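Notes for the one structure printed next.
A quick note: this is a predicted structure, and the numbers were derived from the prediction, not measured. Here, residue 1 is the first one in the sequence, and each next residue gets the next number.
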Amino acid sequence: MEYLSDLNNKQKEAALAISGPVLIVAGAGAGKTKTIISRITHLIKNGVAPEHILAVTFTNKAAKEMTNRLVVALGGDKSLQGEKLPFASTFHSLGVHILRGHAQIIGLNRFFTILDRDESLALVKTAMDQAGVDKKQYEARKILGAISREKGKGVRVAEYRLKVEGWWQEIVASVWEKYDKLAHEANALDFDDLLLSTVLLLAGHENIRQLYQDRFRYIHIDEYQDTNNVQYSLAKLLVGPAKNICVVGDVDQSIYSWRGADFTNMLRFEEDYPEAKVILLEQNYRSTKTILSAANEVIKKNRERVEKNLFTENSDGEKINLTANLSEGEEARNIVDKAKVLIAAKTPAEEIAILYRANFQSRVLEEAFLKANVPYQVLGVRFFERKEVKDILTYFRAALNPSDFEALNRIINVPKRGIGKATLAKVSAGQEEFLPPKMIEKLASFRALLTSLRHKIEREKISDNIKYVLTASGLDKELLQEGEEGLERLENIRELVTLAQKYDDLPGEEAILALLTEAALVSDQDTLQEEKNGVRLMTVHASKGLEFDVVFVAGLEQGLFPHKGFGESDRDEEEERRLFYVAITRARKKLFLSYAQLRTIFGSQQVNTPSEFILDIPDELIEGADPAAPQYEFLLDF
């Protein structure tokens, strides 16, 4: 069994444990993906049909990587030719897959729209108007956040209404009721609905639940510590009588409680499945001994965790560099200077990552990289969120789903057609007969374009249909008149054509649904283009699951990292520590830590003390500034 030959004993034990529930506690850099791939390969080599295997990850990037590695692992076996690959997806993609097949049961059709965050927010604002809630007094984003948190717990609006206490919950309930009604009328679901509706569908229909339990007989879930209540419920509903579920995770890397993740789901796995086999993967293949020693010292202070101690056979490597800076500007310049030295010494720019606790920190770093003419890439600038790309995709949404009024509203004047808000209001109210003849003619022309596109979707390739929308709508001519910026936007649409070609072999409607689903569910990490050179800039949260030769962790100041406002409970304090642990363990060869003694936040300059996390790292592992004696002499000059 060659596919098991390069596994260590614990990895091999996990790969061979293919019956019943299995909990794999995998430390950072312990080769968990390699272990899962080997386990799935072993299942297939032992006669399990690939279509009976499910692998759930948390990013599209991870799902694609898993699929690609499985293709390689299985490629040499001629008996597998023509067989389907295991179903590898995110939880949300899995929900979309299930709901598209049974949409009519939840009162929708299979062309339902997936609302992104901005569209959900716009719908909440409309719901607030209908519910008589003042948008100046109450923030729509907070109401949407409250609705999202409740859905993540598995709560429906009717259940929430029964438990309403106080004025705020009354406001949330009234808006939520209108919001759900508006989404249903638009044949639309938001991100939280993709999971909650799937759970309700499976829980309420035994025949459908058994259908998927029979299909997915072997279930693998990565990053199990990051599941929320609904994802946890979905996993349990999919597990069949044989209980062939394998979950992989690490409580020490649970950093998403703010979006509903509950690491106790992992801690209680053995309660859910008393017969579970538990396997610890503690050998780290990523980092040097110095980096790993620092990580172990940092995380051992946490109490709510599965006890483990990572070790490595890698070299000691270089000491961790710590730099005290006068200001955030000096910190940024020092980071850029060090990055330039590393790049000159043949470290690829894309193997250097700058991590920070809060998004606002990126501004001063970007300025420093621009001034020094060092290429960089900020994680989170999503291709599918660019206006021109979104406009083209919205044409397809409107063509497939005429009930999607938000889509119609977005593109009815893209390019400009002279159809104003007053006209749209009358269209929405069913009062078109009161419009002037010329306006009725404009609306008819627009609808004819959508009808034409709807027919073309059924007959032609998706890449050709994108070209059709661009020219038939007149958007290409409008962009050509906008100079260099317009040309850049045209290039983005042409890139969309190239991207869409991978779906050209699918039937028309299926191709459109596949592209729209990909666009709706893309994650921050999917924006990291491997072919694009440049130092990577991102939050620590966004770095989860990634690794680099060199990592800088900037802004290690008390109140920033650990972040103030996260100390109300032991769990929050521990999550900040887990976040720092994640930052440290992204580094393979070299780790740089830095802090600024003065930093301007919200327009006010403040004096900072070094983060307590720095003091957790033994002095013998660090070179540079002495964290126990920060240099505050400059303050005497004030």
Notebook entry, point to check: What side-chain hydrogen bond (donor to acceptor under 3.5 Å, both in side chains) pairs are there with at least one residue in residues 194-207, not counting sequence neighbours?
Noted result: Glu206-Gln210
Check [Y] with [X], please: is the shortest side-chain N to carboxylate O separation under 4.0 Å?
X      : Y      : result
Glu441 : Lys438 : no
Arg397 : Glu119 : yes
Lys153 : Glu159 : no
Asp250 : Lys32  : no
Glu65  : Lys61  : no
Lys178 : Asp129 : no
Glu170 : Arg161 : yes

Check: What are the two closest heavy atoms between Leu506 and Ala514, and how far apart are they?
Finding: CD1-CB, 4.1 Å
Quick one: side chain to side chain contact (heavy atoms under 4.5 Å, CB included) partners of [X], sequence neighbours excluded?
X      : value
Ala188 : Thr113, Leu115, Ala186
Thr451 : His455
Ala444 : none
Arg447 : Val427, Glu432, Leu443

Check: Are side-chain N/O atoms of Asp192 and Ser148 paired as donor and acceptor at under 3.5 Å?
Finding: yes
Check: Of Ile98, Asn229, Leu237, which is the lone residue that meets side chain to side chain contact (heavy atoms under 4.5 Å, CB included) with Val199?
Finding: Leu237
Checklist line | Test of ring centre spacing under 6.0 Å for Tyr212 and His102 | finding: yes
Check: Can the ring centres of His92 and Phe191 be said to be less than 6.0 Å apart?
Finding: yes
By salt bridge (charged side-chain N to carboxylate O under 4.0 Å, His left out) - contacts of [X] (at least two apart):
X      : answer
Arg363 : Glu367
Asp180 : Lys151
Lys456 : Glu460
Arg141 : none

Note to self: Tell me whether Lys502 at atom NZ has more than 12 heavy atoms from other residues, nucleotides or ligands lying less than 6.0 Å away.
What the structure shows: yes
Check: Got a sec, which residues hit ring-ring contact (aromatic ring centres under 6.0 Å, His included) with Tyr232, two or more places apart in sequence or on another chain?
Finding: none
Next item on the list: Mind checking ring-ring contact (aromatic ring centres under 6.0 Å, His included) for Phe216 and listing every partner two or more places apart, or none if nothing turns up?
Entry: Phe87
Next item on the list: Classify the ring geometry between Phe269 and Tyr224 as parallel (under 30°), tilted (30 to 60°) or perpendicular (over 60°).
Entry: perpendicular
Next item on the list: Please collect all salt bridge (charged side-chain N to carboxylate O under 4.0 Å, His left out) contacts where either partner lies in residues 465-479, sequence neighbours excluded, each pair once.
Entry: Asp464-Lys467
